Participant: 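Dropping the structure in here first, questions after.
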2 protein chains.
Amino acid sequence: MRNLVSEANKPLSPAQSSPLPPAMTGVASLCSARRVAVFGGTHGNELSGVALVGLWLQDGAEIRRRGLEVRPFMANPRAVQQRTRYIDTDLNRAFTLENLSSAQGEDLPYEVKRAQEINQLFGPMGSPDAYDVIFDLHNTTSNMGCTLILESSDDHFNLQMAHYIKGAVAPVSCSVLLNDHPHLHYSTTRSVAKHPVGLEVGPQPQGVLRSNIFESMRLIMKHALDFIELFNEGMQFPPCAVEVFRVSERVDYPHDSNGNITAMVHPSLQDCDWEPLNPGDPMFQTFDGRSVEYKGDCTVCPTFINEAAYYEKKQAFVVTRKETLTVMGIRVSNTMLSKK
Amino acid sequence: MRNLVSEANKPLSPAQSSPLPPAMTGVASLCSARRVAVFGGTHGNELSGVALVGLWLQDGAEIRRRGLEVRPFMANPRAVQQRTRYIDTDLNRAFTLENLSSAQGEDLPYEVKRAQEINQLFGPMGSPDAYDVIFDLHNTTSNMGCTLILESSDDHFNLQMAHYIKGAVAPVSCSVLLNDHPHLHYSTTRSVAKHPVGLEVGPQPQGVLRSNIFESMRLIMKHALDFIELFNEGMQFPPCAVEVFRVSERVDYPHDSNGNITAMVHPSLQDCDWEPLNPGDPMFQTFDGRSVEYKGDCTVCPTFINEAAYYEKKQAFVVTRKETLTVMGIRVSNTMLSKK
């Protein structure tokens, strides 16, 4: 876990941190989180984040918190200007070590150059200088509601934040998608930060701004920033349990030999993100009316069902498994408090 | 009205046709409609039509009808390939006389060249050689359900077809949007035909294929082709009344001085296509939570509410007025029947 400090109040450097022991019922002292960024427009046609960041760039009062630097940032301004997902390549897959370390040059794809700039501004990734938290605001065409996307089950700061947000918005649901799969994990824009947080809200078509989705995203961000402020000011968050959906598999649409799709998401699966899909349940409907059933060996919870941007990634939905994580209690280290 | 023939069974040329008298309770004899085209992919990211036309290009059995040539056609294949609305300019606005008559050349926008090709293949527009009917298949992100878009209140063939389809799909609704407004009418791909019919089905995000929308579009096309077959075979369609929504105005989003949107469609208007909007009803919600009210002088019926593609056209919704058209009875002219 990053930023974990010992009970003796000596912050560990990221290099010194190690996996937590199995019984995580204690309280960890963590460094305060002083530098926070809120990214919109990593994908230029996902308009809730574009609009919110645009608003906060004009007037940041709404995201101001005591003792925090909160920086709104338009991640892919050319894509935003063209209202398209990306110009040359998906920015939210571009933060590979290879891209970040490649020589700068005019012939690089726009988003690779942009990734290098973002890494300079908010990183460098993995370094002590990196921003503490980056929230990256996304929309999906899938019926996912509010979803926090986390990248590590060892990041107890983020998991405590998810627990806080879930409590604050209840009975409205805020799901946690955990993508720490060795092959399905991807190199996100937010991964530059010590604590990367994706916020995905849908359903909303690409290129459309819906007030309900906009206000949901705004509310989640309010609670997220409140949590960081409370944590920095010394509030202790006791050990807790958080329900997460862990990514386990991708499922592609059926294709013919020319690569053309031959079936659609089945009406009984469409819009049923997070709901159980059992072996034998229909998942696709072919153009001639036949059902294609799910062949897995256990009940799963699909999400990102029929997301527009994932056709090109050959992905009809993501398979997840629901589990409950035990989360350590956290509090800010006294060292950090005394610096206030 | 085009294709109207006198009771004496002499087809009028389009040039000879004239507006109908006020009392339209008679039965008009019209030329048969032998050549029909079904366009998909006029906008490459509206996937129901792309998928249906792709399917029918492989196997046309489903759209075959006695005595009819029904030609499926991918209108903008480069946009389809790139899953974008258009490459250089909106094909569905490109069929102006200026574009169609401009000299061919490599420097023309792709869609202008394509418009010229389509006019050669299915027109020329306004000529006796033009296709009888073109159906152009579209999707919208708006909650419009199934909508037939017609361009003339004098086209009794199309209005009778709309009446037939509405009856066939009832109790499911199929609305008729009539766009014959002198300034808001635009130069559509389908306008090459004698009887242009737009079929708009939503809500569906751009770049997404939903089975419910796909099957709704397929069903409307089935009934439309059935109607043409029945008409050609001599069925008489008596005078009738058809409810239409006539385009009267466009409403833009509120903007700041930099052209940035400052408000969203109000939650009480979002998804309420075709429903009454009264003077004083909220239509927008600003980012700081204020409502902007509709200032018109009478109750109207908005549609194309929050359509993704219309942000660039500075259009938040289209204002229509509901009215009932009296439609002449029609039958195929005996001249045409005797040619079978």
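Scope of the values below: all heavy atoms of this structure, side chains included, with no hydrogens, waters or symmetry mates. Predicted model, so just to flag it, every value in this text is computed and none were measured.
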Participant: Are A/His266 and A/Ser291 linked by a side-chain donor-acceptor pair shorter than 3.5 Å?
Facilitator: yes
Participant: Is it true that the side chains of A/Asp256 and A/Thr262 contain a donor and an acceptor less than 3.5 Å apart?
Facilitator: no
Participant: Is it the case that the side chains of A/Gln204 and A/Arg210 hold a donor-acceptor pair, with the cut-off being a distance below 3.5 Å and no angle test?
Facilitator: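 A/Gln204 and A/Arg210 do not have a side-chain donor-acceptor pair below 3.5 Å.
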Participant: With a 4.5 angstrom heavy-atom cut-off, which part of B/Tyr311 approaches chain A: side chain, backbone, both or neither?
Facilitator: side chain
Participant: Please look at B/Phe214 and chain A and tell me whether the side chain, the backbone, both or neither of the residue comes under 4.5 angstrom of a heavy atom of that chain.
Facilitator: side chain
Participant: Would you compute the distance between atom CG of B/Asp273 and atom CE of B/Met144 and round it to the nearest 0.5 angstrom?
Facilitator: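 It is 6.0 Å, given to the nearest 0.5 Å.
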Participant: Who wins among A/Asp271, A/Asp288, A/Asn212 for the most heavy-atom pairs under 4.5 Å with chain B?
Facilitator: A/Asp271
Participant: Using a distance-only test with no angle check, is there a side-chain donor-acceptor pair under 3.5 angstrom linking B/Asn92 and B/Thr189?
Facilitator: yes
Participant: For A/Tyr294, run the side-chain contact (heavy atoms from CB on, under 4.5 Å) check against A/Leu277, A/Leu269, A/Asn278, A/Thr299 and tell me which one passes.
Facilitator: A/Leu277
Participant: Which distance, rounded to the nearest 0.5 Å, do you find between the NE2 of B/His43 and the CG of B/Asn76?
Facilitator: 8.5 Å
Participant: Name the region of B/Gln270, side chain, backbone, both or neither, that has any atom closer than 4.5 Å to a heavy atom of chain A.
Facilitator: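 The answer is the side chain of B/Gln270.
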Participant: Between B/Ser211, B/Pro203, B/Ala309, which shows the greatest number of heavy-atom pairs under 4.5 Å with chain A?
Facilitator: B/Ser211
Participant: Is chain A contacted by the side chain of B/Arg218, its backbone, both, or neither, given a heavy-atom distance below 4.5 Å?
Facilitator: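 The answer is the side chain of B/Arg218.
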Participant: For B/Glu215, is it the side chain, the backbone, both, or neither that has a heavy atom closer than 4.5 Å to a heavy atom of chain A?
Facilitator: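 B/Glu215 touches chain A through side-chain heavy atoms alone.
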Participant: So what's closer than 4.5 Å to chain B heavy atoms on A/Leu209: side chain, backbone, both or neither?
Facilitator: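 Both parts, backbone and side chain.
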Participant: For the interface with chain B, which of A/Gly289, A/Pro267, A/Gly54 has the highest count of heavy-atom pairs at distances below 4.5 Å?
Facilitator: A/Pro267
Participant: Contact part of A/Ala263 toward chain B, heavy-atom cut-off under 4.5 Å: side chain, backbone, both or neither?
Facilitator: neither
